[in-house]
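Here is the structure we will look at, set down as structure tokens.
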Amino acid sequence: MADYVIEMLNITKEFPGIKANDNVTLQLKRGEIHALLGENGAGKSTLMSVLFGLYQPEAGTIKKDGKVVEIRNPNDATALHIGMVHQHFKLVECFTVLDNIILGAEPCNGLVVDRARARKRVVELSERYGLKVDPDARIEDISVGMQQRVEILKMLYRDNEVLIFDEPTAVLTPQEIDELMQIMRGFKAEGKSILFITHKLAEIKAVADRCSVLRKGKYMGTVEVADTSVEEMSRLMVGRDVQLVSTKEEAKPGEEILKVENLTVPSKVHKNNAVKSVSLEVHAGEIVCLAGIEGNGQTEFVYALTGLEKPSEGTITLCGQDITKMPIRGRSKLGMSHIPEDRHKHGLVLDYSLENNMVLQRYWEKEFQRAGFIKSREVRAYSDRLIEQYDVRSGQGSTTIARSMSGGNQQKAIVAREIDKDPQLLIAVQPTRGLDVGAIEYIHKQIIAQRDAGKAVLLVSLELDEVMNLSDRILVMYEGEIVGEFDPKTTDVQTLGLYMAGAKRKDKEG
């Protein structure tokens with residue numbers, strides 16, 4: 001039997017204006033967890049999409065178990081027992097969990113789908129692998145972590161032995177990440193082979209056996225993870241030394257920018273309120289972090305602040321003005337910027353060009369329009385400047401359609417747009433989700449620069465390292481309430497974790 005279950009030899013894949021994979025070779029051993037590391041836009045997802053049959057390469061060969069194979073589409077990949085969990089899930093939101101798992105592979109009894117047999121197999125798989133799901137729940141009603149479990153069960157249902165995970169932890173809580181790592185180790189123990197795309201070096205060290213690195217579409221080499229430091233891997237990825245921990249001076253809080261009093265927001269999922277009489281304030285020149293496990297009200301709280309949802313009680317004051325009932329554009333004009341949690345739903349118009357996305361919240365300003373007509377030249381120049389400043393990589397520059405960009409570069413475009421508005425209040429929700437270490441370093445510096453320029457920053461993050469690294473004050477939210485306030489200099493990750501899990505509560509400290 002061949003040493004390698006998968007060999008991708010000299011793969012080249014081109015798109016208009018960009019060579020996404022340039023003569024790349026990747027070899028996956030049987031029964032190993034193999035990490036694929038690279039900057040945003042380095043070609044990682046493209047390479048895996050070639051293996052899964054979503055793209056056809058211009059050159060190169062793919063071997064499965066030592067034999068040359070042709071993978072023309074995902075059905076060919078499935079026939080070869082290759083499965084993929086995509087960075088942005090491929091689920092039908094109005095379908096149930098069960099229907100999504102069996103879609104395209106339904107067991108039939110004559111002309112009728114045998115749902116009882118399908119349900120039994122799905123339940124058996126979920127119990128066997130610790131992937132507990134409700135088969136009858138609709139996708140639109142379950143958390144992102146649960147949706148990922150559905151994607152994994154889709155692969156297991158089809159008896160896949162080569163499992164591709166594309167940025168699987170980008171949308172997960174710390175607890176869900178730990179669970180996923182354990183699940184991946186279980187797959188390895190069963191003899192399955194895993195290709196694991198990630199930007200998070202700590203996860204590679206925790207779970208991977210080997211790591212292959214791509215940089216700007218080119219193959220930079222493969223290392224043994226146990227013998228390679230985090231610093232060496234980051235240097236191999238970005239071509240320079242990266243500052244993994246941000247340095248910042250002591251905060252000098254000034255006037256109150258945001259004041260929230262007794263805010264209550266109804267839940268759309270259950271009868272209880274998602275946010276329960278929350279009060280807080282954020283001052284100029286400080287970064288306040290709202291930390292908590294997903295599903296504890298942070299999303300609804302931010303939606304109320306930004307105008308995406310209406311609170312049932314309470315008031316929101318920005319720069320001394322009551323904005324509780326103000327429309328979204330009014331809040332933006334008053335000085336609020338918002339880096340949203342879901343970049344596809346609330347951050348971008350995916351079928352617009354990059355330049356049109358860059359001016360989504362400013363196109364009515366005199367700089368970009370005259371008598372109701374867009375000044376195309378000024379929009380292009382503005383977009384080009386942000387692309388260069390924030391290193392947003394795209395095949396055709398400002399004219400690139402947002403949908404065609406990598407997730408990390410979509411995120412960088414949103415961050416560039418929101419910070420460049422020069423806001424009084426920056427609400428940053430998971431601002432570095434899906435970004436590589438070089439981009440994270442840059443974005444963290446930009447957020448600190450906003451603070452040092454006298455702006456107020458409300459950071460919402462699941463990444464405890466990011467919380468500890470950036471925050472001047474930390475507020476922990478649990479079940480819709482603020483259960484603790486902490487100084488990052490005098491607390492630790494373990495204590496925060498206990499409060500986030502609801503094991504402890506304490507009164508807010510001034």
Side-chain angles (χ1 to χ4, degrees), residues 251-341 346 418 423-429 450-451 454-461 467 471-488 496 499-500 502 504-510:
K252 301 179 179 66
E255 62 179 325
E256 185 179 82
I257 299 296
L258 174 70
K259 184 171 186 176
V260 179
E261 296 179 281
N262 304 317
L263 194 72
T264 297
V265 184
S267 171
K268 290 185 175 180
V269 179
H270 48 72
K271 292 180 181 179
N272 297 328
N273 290 318
V275 180
K276 304 167 186 173
S277 195
V278 166
S279 298
L280 59 82
E281 63 286 327
V282 185
H283 294 83
E286 73 169 345
I287 300 171
V288 175
C289 179
L290 194 61
I293 296 169
E294 187 181 49
N296 279 277
Q298 309 96 304
T299 297
E300 291 84 355
F301 181 74
V302 170
Y303 282 2
L305 293 186
T306 56
L308 290 168
E309 281 190 19
K310 293 179 180 178
S312 56
E313 294 178 26
T315 58
I316 306 164
T317 306
L318 177 63
C319 300
Q321 189 168 336
D322 188 340
I323 64 166
T324 312
K325 297 181 180 179
M326 187 178 284
I328 293 172
R329 182 181 290 193
R331 298 176 201 224
S332 180
K333 286 182 173 180
L334 196 59
M336 179 186 290
S337 276
H338 176 210
I339 299 169
E341 179 178 14
H346 296 127
E418 297 302 319
Q424 293 302 308
L425 170 68
L426 173 64
I427 300 175
V429 188
Q450 288 291 300
R451 181 202 76 162
K455 312 300 183 183
V457 180
L458 178 63
L459 172 70
V460 182
S461 180
V467 171
S471 306
D472 299 310
R473 285 193 292 132
I474 302 170
L475 303 174
V476 176
M477 184 174 267
Y478 176 72
E479 291 187 345
E481 299 179 276
I482 303 293
V483 296
E485 181 169 334
F486 302 89
D487 182 338
L496 285 180
Y499 280 86
M500 288 166 69
K504 286 189 173 186
R505 289 172 180 256
K506 75 173 184 181
D507 294 331
K508 288 210 303 178
E509 299 166 353

Result of checking [options] against [X] for side chain to side chain contact (heavy atoms under 4.5 Å, CB included):
X    : options                : result
E485 : L475, I474, V476       : L475
L305 : V260, V265, L425, L318 : V260
D472 : D487, I287, V282       : I287

Closer than 3.5 angstrom, by distance alone: can the side chain of [X] be matched with the main-chain N or O of [Y] as a donor-acceptor pair?
X    : Y    : answer
E309 : G307 : no
Q424 : C319 : no
T264 : S277 : yes
S332 : I328 : no
E418 : H338 : yes
S337 : P423 : no
R331 : M326 : yes

Would you say the side chain of [Y] lies within less than 4.5 Å of the side chain of [X], judging by non-hydrogen atoms?
X    : Y    : result
L280 : F301 : yes
P340 : V429 : no
V457 : V288 : no
I427 : M336 : yes
I323 : L334 : yes

Looking only at heavy atoms, which two atoms of [X] and [Y] are closest? And how far apart?
X    : Y    : answer
N273 : P266 : OD1-CA, 3.6 Å
M477 : I482 : CE-CD1, 4.1 Å
R473 : H283 : NH2-ND1, 4.4 Å
I257 : A284 : CG1-N, 3.6 Å
Y478 : M500 : CD1-O, 3.4 Å
L426 : I339 : CD1-CD1, 4.1 Å

From L458 CG over to S471 OG, what is the distance, rounded to the nearest 0.5 angstrom?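 One gets 10.0 Å once the value is rounded to the nearest 0.5 Å.
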CD/E286 to CD/E256 distance, rounded to the nearest 0.5 angstrom?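 Here the interatomic distance stands at 10.0 Å.
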For T324, check side chain to side chain contact (heavy atoms under 4.5 Å, CB included) against everything at least two apart and list the hits.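 Checked T324 against side chain to side chain contact (heavy atoms under 4.5 Å, CB included); matches are P311, T315, I316, D322.
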Side chains of E341 and T299: donor-acceptor distance under 3.5 Å anywhere?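 Side chains of E341 and T299: pair found under 3.5 Å.
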Around atom NZ of K259, are there more than 12 heavy atoms from other residues, nucleotides or ligands closer than 6.0 Å?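 No, because the 6.0 Å sphere around NZ of K259 holds 12 heavy atoms or fewer from other groups.
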Stepwise side-chain contact (heavy atoms from CB on, under 4.5 Å) test for S461 and V467: CA-CA 7 Å; S461 180; V467 171; 4.0 Å; yes
